[in-house]
Engineer: 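Questions regarding the structure given below will be posed in turn.
In this text, all values refer to a predicted model and were calculated from it rather than measured experimentally. Count residues from 1 along the sequence. Atoms considered below: every heavy atom in the structure, side chains included; atoms not considered: hydrogens, waters and symmetry mates.
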Amino acid sequence: MIGVGQAAERIGDPGYAGWSPIDLAVGAARAAVADSQADGVALIAAVDTVAATRQFENSSSRAVSPLGKSTKFPLSVARRLGAVPKRAVLDVVGGQSPQHLFNEFSRAIEAGLSDVVLLVGAEAISTIRHYARAEHKPDFSDDPVGRIEDRGFGLTGVVTPALAGRGIRAPSTQYALLENARRAAQGRSRAEYATAMGELFAPFTEVAAKNPFSAAPVRRSADELVTITERNRMIADPYPRFVVARDQVNQGAAVLLASVGAAQRLGVARDKWVFLHGQADLVERSLLQRAVLGEAPSAVAAVRHALEVADVGLDDIDFFDFYSCFPIAVLNIIDAIGLSASDPRGLTLTGGLPFFGGPGNNYSMHAIAEAVARVRSRAGSFALVSANGGILSKTSVGVYSTTPTPRRPDHSQLLQREIDERDAPAVAEHPTGWATVETYTVTRGRNGPIGVVIGRLESDGSRFIAKVADGDDVLLAVLQTGDEPVGQRIYVTAAGDGNRVAMRGPAARRVSEAHVGVAGGG
């Protein structure tokens, strides 16, 4: 790594220019070129590959682009930067993308397939929302000449038919299901777990408050983060808004990779060089196929394996950045590896996704940029970046240091086979009968609260997902304020518009009778 750069702006700040995602990415790329202290013209001319993370506007078939978008984002960035790459790549959806691309293209450089690579990404979600309904809108459209390697959305196993078909798409809903399963498994009350979430993230706000690229540079106490107010409304139990990734940002980041030969040829000073010492890329099972809800062992395995490849221990790491879209993304890893939430080294380099900002798939590009700055400031130190994609679905990890090292191969594919071969619970697509709550959440819709339950059938132990039946205020009350919803007995049936659950009593009988009526009518 020979150069890193970041760019950001906030609506209302002096000098706000309303940059597009292309503008932000180019600004970050130019900052990365300047950071290398090499001849800028020569360095840009040497870039043979541009690989970009996906923007919000092209991350799903349902995404909209009210101000227009680039049809070939990596080429739009390259052309405006002045680069003419031989290869342009648009990666799949997921917050793992920046670190995954770093791992991939370090292999490409080692194999002689590339010499100088620009990794880049950006989001202007805040600006796009700001102008979306304005009478006079900027036009962010661009259709550059040339071909790119568009890898598609890559959502297989992340957005599953079982969830999407029941309207359970929002990441906050799915993460909340995992978070509540984790809380219940630890035997913590709602209040105890809320306190833990606040204590985890309060130090993140301290870091974000000092970061000039932060979207929300405000210090907040642990209590403030989890106290429900009009501004800090509940998004999906147990998540108030302040502990959820903030996507309303204008941020871009870029990283320049090069072979040692290219770095020498371009005149990049040795004190700018940062090496990848260890890496890993692993994928978790889809949500309903996980043996234990509330855990993602693949993420833990990825961190451990990256440390193993780097031949360092946890105590050797000086700087950490754990992906923090929701508390469980951090807690899942640190609890398993024995790292305290109050570790004096800290758990974030940027300030975290709820506070620094969550620029779509590109957050960890900022984390890598910060990691580079840290290890350069302390020669011989180590930084670990753990990037997460999907619903604790994909994890890519990198360990960095200024100490020179040859690239060391990892054995992620072998570990992946072990993960894939583990037993998984049976899933009932059309469940009927008595069951118990395995986990739950309640979201706030336009027409009131919506309860979502993952349960296990008493008849065969198979797992299902369902919504609370309309009118079952008893079950909704249990999910929202009951002592412990997990383990409660419920009745589930497959309705025409999706599975429904209810408690004992009239609501359960109505659900059961509805099923009998449907079955009897053929």
Engineer: Have E284 and S298 got a donor and an acceptor in their side chains that come within less than 3.5 Å?
Structural biologist: yes
Engineer: Between H130 and I11, what is the shortest heavy-atom contact and its length?
Structural biologist: CB-CD1, 3.4 Å
Engineer: Indicate whether the side chain of E9 and that of N250 have a donor and an acceptor atom separated by less than 3.5 Å.
Structural biologist: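 No, because no side-chain N or O of E9 sits under 3.5 Å from a partner of the opposite role on N250.
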Engineer: Which pair of heavy atoms, one from V120 and one from A254, lies closest together, and at what distance?
Structural biologist: CG2-CB, 3.9 Å
Engineer: Does any non-hydrogen side-chain atom of L339 lie less than 4.5 Å from one of L347?
Structural biologist: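 In contact.
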Engineer: Assess the residue pair D318 and R345 against the criterion (salt bridge (Lys or Arg N to Asp or Glu O under 4.0 Å)); give the C-alpha distance rounded to whole Å, side-chain angles, the decisive distance to 0.1 Å, and a yes or no.
Structural biologist: CA-CA 6 Å; D318 301 276; R345 291 169 290 184; over 6 Å; no
Engineer: Does the ring center of F382 lie less than 6.0 Å from the ring center of H277?
Structural biologist: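 So the answer is yes for these two rings.
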Engineer: Look up atom CZ in R169 and atom OG in S60, then write down how far apart they are to the nearest 0.5 Å.
Structural biologist: 8.0 Å
Engineer: Do V300 and I337 make a side-chain contact, defined as non-hydrogen atoms from C-beta onward lying under 4.5 Å apart?
Structural biologist: yes
Engineer: I'd like to know if the side chain of S97 and the backbone of R54 have a donor-acceptor N/O pair within less than 3.5 Å.
Structural biologist: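 Pair absent, no side-chain N/O of S97 close to backbone of R54.
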Engineer: For F102 and Y400, I'd like to know if the aromatic rings sit close, meaning centre-to-centre distance below 6.0 Å.
Structural biologist: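 Yes: the rings meet the under 6.0 Å criterion.
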Engineer: To the nearest 0.5 Å, what is the distance between CG on L331 and CG on L200?
Structural biologist: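 Taking CG in L331 and CG in L200, the distance rounds to 5.0 Å.
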Engineer: Backbone N or O of A52 within a donor-acceptor pair of the D91 side chain at under 3.5 Å?
Structural biologist: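 Not at all, since once roles are kept as given, no pair shorter than 3.5 Å links the two residues.
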Engineer: Using atom types as modelled and distance alone, determine if a side-chain donor or acceptor of N211 lies under 3.5 Å from a backbone N or O of T350.
Structural biologist: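 Side chain of N211 to backbone of T350: a pair is present.
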Engineer: About how many Å separate CG of D335 and CD1 of I328, when rounded to the nearest 0.5 Å?
Structural biologist: 9.5 Å
Engineer: If we count only N and O atoms by modelled type, under 3.5 Å, do the side chains of R220 and T205 hold a donor and an acceptor together?
Structural biologist: no
Engineer: Are any side-chain N or O atoms of D316 and backbone N or O atoms of G313, one a donor and one an acceptor, separated by less than 3.5 Å?
Structural biologist: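 Yes: the side chain of D316 pairs with the backbone of G313.
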Engineer: Any side-chain donor paired with an acceptor under 3.5 Å for S76 and D142?
Structural biologist: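 Distance-only check passes for S76 and D142.
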Engineer: Determine whether N361 and V93 satisfy the following criterion, side-chain contact (heavy atoms from CB on, under 4.5 Å), listing intermediate values before the conclusion.
Structural biologist: CA-CA 6 Å; N361 303 304; V93 172; 3.7 Å; yes
Engineer: Check whether the side chains of D23 and S20 place a donor and an acceptor atom closer than 3.5 Å, and report yes or no.
Structural biologist: yes
Engineer: Would you please say whether a donor-acceptor pair under 3.5 Å links the side chains of S259 and D115?
Structural biologist: yes
Engineer: Judged by modelled atom types alone, do D281 and S396 share a side-chain donor-acceptor pair under 3.5 Å?
Structural biologist: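 There is such a pair (donor and acceptor under 3.5 Å, judged by atom type) between the side chains of D281 and S396.
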Engineer: Below 4.5 Å, heavy atoms only, C-beta onward: do R129 and D247 meet side chain to side chain?
Structural biologist: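 When only atoms from C-beta onward are counted, D247 and R129 do touch, with a gap below 4.5 Å.
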Engineer: Less than 4.5 Å apart, side chain to side chain, heavy atoms only: is that true for L392 and L178?
Structural biologist: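 In contact.
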Engineer: Step by step, would you call F105 with L119 a side-chain contact (heavy atoms from CB on, under 4.5 Å)?
Structural biologist: CA-CA 9 Å; F105 284 98; L119 306 181; 4.1 Å; yes
Engineer: After noting the C-alpha distance and the side-chain angles of D48 and K86, does the key distance pass the salt bridge (Lys or Arg N to Asp or Glu O under 4.0 Å) rule?
Structural biologist: CA-CA 5 Å; D48 56 53; K86 297 176 183 177; over 6 Å; no
Engineer: Under 3.5 Å, is there a donor-acceptor pair between the side chain of S214 and the main chain of P212?
Structural biologist: no
Engineer: For the residue pair L257 and S106, what are the closest heavy atoms and their distance?
Structural biologist: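 Nearest pair, atom of L257 first, then S106: CD1-N, 4.4 Å.
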Engineer: Verify, without hydrogens or angle tests, whether R376 (side chain) and T402 (backbone) share a donor-acceptor contact under 3.5 angstrom.
Structural biologist: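 Not at all, since once roles are kept as given, no pair shorter than 3.5 Å links the two residues.
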Engineer: Side-chain contact test, heavy atoms from C-beta onward, threshold under 4.5 Å: evaluate it for P404 versus W273 and give yes or no.
Structural biologist: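 SC-SC contact between P404 and W273 ruled out.
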Engineer: Would you please test E370 and R374 for salt bridge (Lys or Arg N to Asp or Glu O under 4.0 Å) and show each step?
Structural biologist: CA-CA 6 Å; E370 295 288 348; R374 300 301 200 285; 2.7 Å; yes
Engineer: Does the side chain of I419 reach to within under 4.5 Å of the side chain of P297, using non-hydrogen atoms?
Structural biologist: no
Engineer: Of all the heavy-atom pairs spanning S401 and S381, show the shortest one and how long it is.
Structural biologist: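 Closest pair (atom of S401, atom of S381, distance): OG-O, 2.8 Å.
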Engineer: Where do Y239 and F326 land on the ring pair (Phe, Tyr, Trp, His ring centres under 6.0 Å) test, with the steps shown first?
Structural biologist: CA-CA 8 Å; Y239 298 139; F326 300 92; 4.9 Å; yes
Engineer: When V372 is tested against each of V274, V385, L349 for side chain to side chain contact (heavy atoms under 4.5 Å, CB included), which residue passes?
Structural biologist: V274
Engineer: Please determine, by modelled atom types, if Y323 and T395 share a side-chain donor-acceptor pair under 3.5 angstrom.
Structural biologist: no
Engineer: Would you say D321 and Y363 are linked by a side-chain donor-acceptor pair, where the criterion is simply a distance under 3.5 Å?
Structural biologist: yes
Engineer: Given 3.5 Å as the limit, does a donor-acceptor pair link the side chain of K69 with the main chain of E57, or not?
Structural biologist: yes
Engineer: Starting at CD1 of I125, measure out to CZ of F56 and round the result to the nearest 0.5 Å.
Structural biologist: 6.0 Å
Engineer: I'd like to know if the side chain of Q55 and the backbone of T53 have a donor-acceptor N/O pair within less than 3.5 Å.
Structural biologist: yes
Engineer: Distance from R80 atom CZ to R30 atom CZ, nearest 0.5 Å?
Structural biologist: 8.5 Å
Engineer: Side-chain donor-acceptor pair under 3.5 Å between Q279 and Q99, yes or no?
Structural biologist: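 The answer is no; no qualifying pair exists.
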Engineer: Hey, does L276 have a side-chain heavy atom less than 4.5 Å from the side chain of M1?
Structural biologist: no
Engineer: May I have the step-by-step check of side-chain contact (heavy atoms from CB on, under 4.5 Å) for I44 and L81, ending in yes or no?
Structural biologist: CA-CA 8 Å; I44 291 171; L81 182 65; 4.0 Å; yes
Engineer: Can you tell me how far CD of Q251 sits from CZ of F213, rounded to the nearest 0.5 angstrom?
Structural biologist: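 Separation between the atoms: 9.5 Å.
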Engineer: Between the side chain of R246 and the main-chain N/O of P354, is any donor-acceptor distance below 3.5 Å?
Structural biologist: no
Engineer: Show your reasoning for whether side-chain contact (heavy atoms from CB on, under 4.5 Å) applies to L43 and L256.
Structural biologist: CA-CA 10 Å; L43 176 52; L256 282 163; 3.7 Å; yes
Engineer: Tell me if a side-chain donor or acceptor on R290 pairs with a main-chain N or O of R285 at a distance below 3.5 Å.
Structural biologist: yes
Engineer: Which heavy atom of A122 sits nearest to which heavy atom of N362, and what is that distance?
Structural biologist: N-ND2, 3.9 Å
Engineer: Going by side chain to side chain contact (heavy atoms under 4.5 Å, CB included), V397 matches just one of L307, N103, V303. Which one?
Structural biologist: V303
Engineer: Of the non-hydrogen atoms in L225 and V243, which two are nearest, and what is the gap between them?
Structural biologist: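 Smallest interatomic distance, heavy atoms only, reads O-CG1, 3.9 Å.
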Engineer: With a 4.5 Å heavy-atom cut-off, do L266 and D39 have their side chains touching?
Structural biologist: no
